[in-house]
Amino acid sequence: MGYMTNMFISRVDHNLICGICTGVFKKPVVTHCGHTYCEECIKLWVTDAYAKKEKTCPECRQEVSLPGTAPVLALRGVIEGLSVECQNSANGCQMVLRLGDMESHLKNCGYTLVKCCSCLEMIPQIQLHQHQSKCKVGHESSFDSHLKTEIAMLQNELAKTKKSLQIAEETIKKLQRNLRDLRVKTRIRPIRANEELHPAWDSDYGYGYSPRSVIELASFISRFLFQRPPYVDPQRIFTCLNRCYDYYRNSAAFWQDVHMLLATAAASDWFTDQQREVLISWLKNLAREKLLLI
């Protein structure tokens with residue numbers, strides 16, 4: 001956006017006014033159709049025009065594009081040479097300077113507003129020391145009162161947080177107890193339904209973690225080839241089969257046990273069609289690796 005016209009000492013030529021923001025050009029650029037605008041203004045205009053699917057010059061309505069604009073360096077020099085009041089003139093600064101020198105002047109201008117750390121009031125920098133000498137005494141009690149209020153609010157929030165945390169911990173413990181009860185009920189459900197666990201089945205046994213478990217799992221599946229016990233989770237068994245295949249298919253001592261396990265599982269009705277296809281692919285890979293034909 002351009003510079004405000006009221007900051008200049010003398011009347012600004014109308015040829016230096018941006019047709020979009022009506023301010024004095026700031027970093028002026030010219031379009032291919034010959035019209036000049038502030039660099040930021042034309043960018044915003046074209047970006048907004050993208051949403052409307054229109055990209056035309058605000059003056060002549062010819063099509064414009066950002067890559068087609070170019071900076072007007074001579075015009076920038078003219079504008080930066082204009083005399084302006086300091087931006088802190090409302091705070092007491094009477095400096096008149098070139099617009100191009102404004103940025104460096106503001107870094108050292110004594111009338112730039114700063115915040116008093118005691119009362120938080122915005123004071124011109126040149127008056128800050130004098131203000132603080134009075135503010136420290138005059139506002140000490142109010143400052144202490146402000147701190148006490150802040151401390152009380154923090155303590156209140158801390159008490160509420162501790163109470164909420166205590167309630168949350170009690171809720172977690174209650175949910176954990178409910179979860180344990182549900183797990184116990186799930187384990188005893190087959191017995192209530194008169195479904196006795198087979199002696200060969202161990203629900204806590206890690207099938208697939210030892211070579212012996214490969215044979216034990218194959219034996220158990222063969223006992224119930226076409227009638228899987230309801231207390232056996234087929235997804236867990238499929239995961240165990242995958243483990244056996246990954247761990248022992250390359251073992252010279254146990255690959256035949258893995259082959260027997262996979263063939264038994266593929267012949268059962270324990271698994272979905274998709275899982276059975278995976279079992280068959282494992283068998284083919286195993287046969288290919290060992291030069292067998294199945």
Side-chain angles (χ1 to χ4, degrees), residues 1-29 36-49 51 58 66 69 71-162 164:
M1 305 300 288
Y3 300 103
M4 299 295 293
T5 55
N6 58 5
M7 65 184 294
F8 292 86
I9 298 298
S10 58
R11 184 182 181 85
V12 179
D13 191 300
H14 71 278
N15 292 314
L16 302 181
I17 302 299
C18 174
I20 296 177
C21 68
T22 67
V24 179
F25 291 131
K26 186 174 184 179
K27 296 182 179 179
V29 295
T36 305
Y37 304 98
C38 301
E39 182 180 44
E40 183 180 358
C41 291
I42 193 62
K43 283 183 179 180
L44 292 174
W45 178 273
V46 173
T47 301
D48 184 60
L66 292 179
T69 61
V72 189
L73 300 181
L75 194 56
R76 292 188 183 186
V78 171
I79 294 173
E80 290 180 356
L82 296 177
S83 298
V84 295
E85 294 180 345
C86 174
Q87 291 182 6
N88 295 321
S89 59
N91 303 327
C93 183
Q94 300 179 359
M95 177 68 70
V96 175
L97 65 160
R98 295 172 62 254
L99 177 62
D101 299 331
M102 178 69 73
E103 184 176 353
S104 59
H105 167 73
L106 290 177
K107 293 179 180 178
N108 302 309
C109 180
Y111 292 89
T112 300
L113 296 180
V114 293
K115 183 182 293 187
C116 173
C117 60
S118 299
C119 65
L120 307 182
E121 184 180 349
M122 299 300 294
I123 305 295
Q125 187 173 358
I126 197 173
Q127 302 173 7
L128 182 63
H129 179 71
Q130 180 182 2
H131 169 82
Q132 286 182 332
S133 63
K134 299 178 180 179
C135 180
K136 184 176 180 181
V137 178
H139 295 276
E140 183 174 3
S141 59
S142 62
F143 182 67
D144 290 343
S145 176
H146 178 73
L147 283 180
K148 291 179 180 179
T149 303
E150 291 289 336
I151 292 173
M153 291 175 62
L154 290 176
Q155 288 176 338
N156 188 33
E157 289 294 329
L158 180 60
K160 290 181 179 179
T161 303
K162 287 182 177 180
S164 299

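- Applying the salt bridge (Lys or Arg N to Asp or Glu O under 4.0 Å) rule to pairs touching residues 72-93 yields nothing, sequence neighbours excluded.
- The line from CE of Met102 to SG of Cys109 is 9.0 Å long, rounded to the nearest 0.5 Å.
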Worked verdict on Arg98 versus Val84 for side chain to side chain contact (heavy atoms under 4.5 Å, CB included): CA-CA 6 Å; Arg98 295 172 62 254; Val84 295; over 6 Å; no
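- Atom CG of Asp101 and atom OG of Ser83 lie 10.0 Å apart (nearest 0.5 Å).
- Between Ile20 and Cys38, the closest side-chain pair of non-hydrogen atoms is not below 4.5 Å.
- Note that CD of Glu40 and NZ of Lys27 are 9.0 Å apart. Values are rounded to the nearest 0.5 Å.
- With rounding to the nearest 0.5 angstrom, the SG atom of Cys18 is 10.0 Å from the CH2 atom of Trp45.
- The side-chain contact (heavy atoms from CB on, under 4.5 Å) check on Leu75 picks up Leu16, Phe25, Pro28, Thr36, Val72, Ile79, with sequence neighbours excluded.
- Here the side chains of Tyr111 and Ser89 are not in contact, with every heavy-atom distance at 4.5 Å or above.
- Looking at residues two or more places apart in sequence or on another chain, you find a side-chain contact (heavy atoms from CB on, under 4.5 Å) between Met95 and Cys86, Cys93, Leu97, His105.
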Intermediate values then yes/no, side chain to side chain contact (heavy atoms under 4.5 Å, CB included), Lys43 and Leu66: CA-CA 7 Å; Lys43 283 183 179 180; Leu66 292 179; 3.8 Å; yes
Hey, can you pull the donor-acceptor pairs under 3.5 Å for the side chains in residues 4-11, sequence neighbours left out?
none

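- The CD atom of Glu103 sits 10.0 Å away from atom CD of Gln87, with the distance rounded to the nearest 0.5 Å.
- Rounded to the nearest 0.5 angstrom, Thr112 OG1 and Lys107 NZ are separated by 12.0 Å.
- Partners of Asn108 under the side-chain hydrogen bond (donor to acceptor under 3.5 Å, both in side chains) rule, at least two apart in sequence or in another chain, do not exist in this structure.
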Full working for side chain to side chain contact (heavy atoms under 4.5 Å, CB included) between Met1 and Cys41: CA-CA 6 Å; Met1 305 300 288; Cys41 291; 4.0 Å; yes
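- The minimum heavy-atom distance linking Asp13 with Asn15 is given by the pair OD1-N, 2.7 Å.
- With sequence neighbours excluded, the residues that form a side-chain contact (heavy atoms from CB on, under 4.5 Å) with Met153 are Thr149.
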